[in-house]
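Predicted model, so just to flag it, every value in this text is computed and none were measured. Each residue takes its place number in the sequence, starting with 1.
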Amino acid sequence: MVSIVARPAAPASAPAEPRPKAPLPVAQLRKFGSSLVAPIVSITLALAAWYAVSMLVLSESRRFLLPPPHVVFSESLADPAKLGVMLEALGVTARVAITGLLLSAVLGVAIAVLMSQAKPIENVVYPYAVVLQAIPVLAVVPLIGLWLGYGFAARTTVCVLIAIHPIIAMTLFGIKSVDANLQELFTLGRAGRVRRLWSLQLPAALPSTLTGLRTAAGLSVTGAIIGDMFFAQGKPGIGTLLDTYRARLQSEDLIGALLLAALFGVLVFTVFTVVQKVSVGRWHNSAN
């Protein structure tokens, strides 16, 4: 009788241990650091190009047209007296820009909602919105001054004229882009016009509306600066200073004021980008 000896089973190989992931704060820091690489490189290249034009292209007698960055900083932005005047003027421009943006948001969303609810209203109103976008604002500015004076109201009106079109267009696009299946579901539920608008169309249009607001934020700053240049009554804004520095050939102060205005525009744009990410970032790709 042949005896059969069972061989012991080979030990199963242990599964490979998963690679440990970096802690969440470390991963977030790495992501944040990588997102800063492109802006830092871009700013460095811009400064290098600025230095190249100022120091190599322009002769010393014409260097006042574009002073190098360190001269702009030392003779303009580092001077407390000059910087104080610029910041005070920037505050005036900021109030105009924020007021114009808020009015643009309210009016733009309201107009888009009205147009979405009735096709005849859209056919009547939307061409005027396109005309406002197509007509150069500088051609309308003298009329605004004649009608509204040359103060805060006129400056705010210029902001509204420039910033309102993206809000109207994007909100109307968002309302019209609601999923057809959801529309049918509300129809089966016999939802009224107000309930459909409040519970379905406006929430679905929120990403598009926020995108329009983000675009309008930068445009409102542009409108406020244009208004400062043409409407000089009241406290001077940053646009008024830009016009004054240009007339006096104060290139260092002119570029310094331009940099402050640009930083303010970037700040406003960043604020609305954060608002968009917080509001719709978890369920919509437009915030990513």
Student: Could you tell me which non-hydrogen atom of Ala217 sits nearest to which non-hydrogen atom of Ser220, and how far apart they are?
Tutor: O-OG, 2.6 Å
Student: At their closest point, which heavy atom of Leu138 faces which heavy atom of Ile226, and how far apart are they?
Tutor: CD2-CG2, 3.8 Å
Student: Given 3.5 Å as the limit, does a donor-acceptor pair link the side chain of Thr240 with the main chain of Met229, or not?
Tutor: no
Student: Side-chain donor-acceptor contacts of residues 256-269 below 3.5 Å, not counting sequence neighbours, with atom names and distances?
Tutor:
none

Student: Can you find a heavy atom in the side chain of Gln201 that is under 4.5 Å from one in the side chain of Gln117?
Tutor: yes
Student: What distance separates Ile164 CD1 from Leu107 CG, expressed to the nearest 0.5 Å?
Tutor: 5.0 Å
Student: So do Ile175 and Met115 actually touch side chain to side chain, heavy atoms under 4.5 Å?
Tutor: no
Student: Got a second to check how far Thr93's OG1 is from Leu242's CG, nearest 0.5 Å?
Tutor: 8.5 Å
Student: Taking side chain as C-beta onward, heavy atoms only, is Pro68 less than 4.5 Å from Arg63?
Tutor: yes
Student: With distance as the sole test, does Ser74 use its side chain to make a donor-acceptor pair with the main-chain N or O of Val71 at under 3.5 Å?
Tutor: yes
Student: Less than 4.5 Å apart, any side-chain heavy atom of Val137 and any of Leu132?
Tutor: no
Student: Taking side chain as C-beta onward, heavy atoms only, is Ile255 less than 4.5 Å from Leu66?
Tutor: yes
Student: Check whether any side-chain heavy atom of Ser76 sits under 4.5 Å from a side-chain heavy atom of Met86, and report yes or no.
Tutor: yes
Student: For Tyr126, which residues count as a ring-ring contact (aromatic ring centres under 6.0 Å, His included) partner, sequence neighbours excluded?
Tutor: none
Student: Going from OG1 on Thr171 to CG on Leu210, what distance comes out if it is rounded to the nearest 0.5 angstrom?
Tutor: 9.0 Å
Student: Of the non-hydrogen atoms in Pro166 and Leu219, which two are nearest, and what is the gap between them?
Tutor: CG-CD1, 3.7 Å
Student: Side chain to side chain contact (heavy atoms under 4.5 Å, CB included), that's the test. Do Phe272 and Thr211 meet it? Break it down for me.
Tutor: CA-CA 9 Å; Phe272 278 91; Thr211 301; over 6 Å; no
Student: Is there a donor-acceptor contact under 3.5 Å from the side chain of Ser279 to the main chain of Gln276?
Tutor: no
Student: If I compare all heavy atoms of Ile168 with all of Ala129, which pair ends up nearest, and what's the gap?
Tutor: CD1-CB, 4.3 Å
Student: In terms of hydrophobic clusters joined by side-chain contacts under 4.5 Å, are Leu206 and Trp198 together?
Tutor: yes
Student: Indicate the atoms forming the closest heavy-atom contact of Leu213 with Ala105, along with that distance.
Tutor: CD2-CB, 3.6 Å
Student: Which residues pass the salt bridge (Lys or Arg N to Asp or Glu O under 4.0 Å) test with Lys176, sequence neighbours left out?
Tutor: Glu122
Student: Could you note down all residue pairs passing side chain to side chain donor-acceptor pair (under 3.5 Å) where residues 128-149 supplies at least one of them, sequence neighbours left out?
Tutor: none
Student: Calculate, to the nearest 0.5 Å, the distance between atoms CG and CD belonging to Leu90 and Glu88 respectively.
Tutor: 11.0 Å
Student: Is it the case that the side chains of Gln250 and Glu75 hold a donor-acceptor pair, with the cut-off being a distance below 3.5 Å and no angle test?
Tutor: no
Student: Quick one: do Val140 and Ile225 end up in the same hydrophobic cluster if we chain Ile, Leu, Val, Met, Phe, Trp and Tyr together by side-chain heavy atoms under 4.5 Å apart?
Tutor: yes
Student: Scan the side chains in residues 40-52 for donor-acceptor partners under 3.5 Å anywhere in the protein, sequence neighbours excluded, and list what turns up.
Tutor:
from, atom 1, to, atom 2, distance (Å)
Thr44, OG1, Ile40, O, 2.7
Trp50, NE1, Pro67, O, 2.8
Tyr51, OH, His70, ND1, 3.1

Student: Less than 4.5 Å apart, side chain to side chain, heavy atoms only: is that true for Ile111 and Val125?
Tutor: yes
Student: Show me the donor-acceptor pairs within less than 3.5 Å that the side chains of residues 149-163 make with the rest of the protein, sequence neighbours left out.
Tutor:
from, atom 1, to, atom 2, distance (Å)
Arg155, NE, Phe231, O, 3.1
Arg155, NH1, Asp228, OD1, 3.1
Arg155, NH1, Lys235, O, 3.3
Arg155, NH2, Phe231, O, 2.9
Arg155, NH2, Gln233, O, 3.0
Arg155, NH2, Lys235, O, 3.3
Thr156, OG1, Phe152, O, 2.9
Thr157, OG1, Ala153, O, 2.7

Student: Answer yes if Val221 and Val92 sit in the same cluster of Ile, Leu, Val, Met, Phe, Trp and Tyr residues linked by side chain heavy atoms under 4.5 Å apart, and no otherwise.
Tutor: no
Student: I'd like to know if Ile98 and Val106 are part of one continuous hydrophobic network [Ile/Leu/Val/Met/Phe/Trp/Tyr, side-chain heavy atoms within less than 4.5 Å].
Tutor: no
Student: Looking only at heavy atoms, which two atoms of Val178 and Ala204 are closest? And how far apart?
Tutor: CG2-CB, 3.8 Å
Student: Applying a strict under-4.5 Å side-chain criterion to I, L, V, M, F, W and Y, I'd like to know whether Leu65 and Leu249 cluster together.
Tutor: no
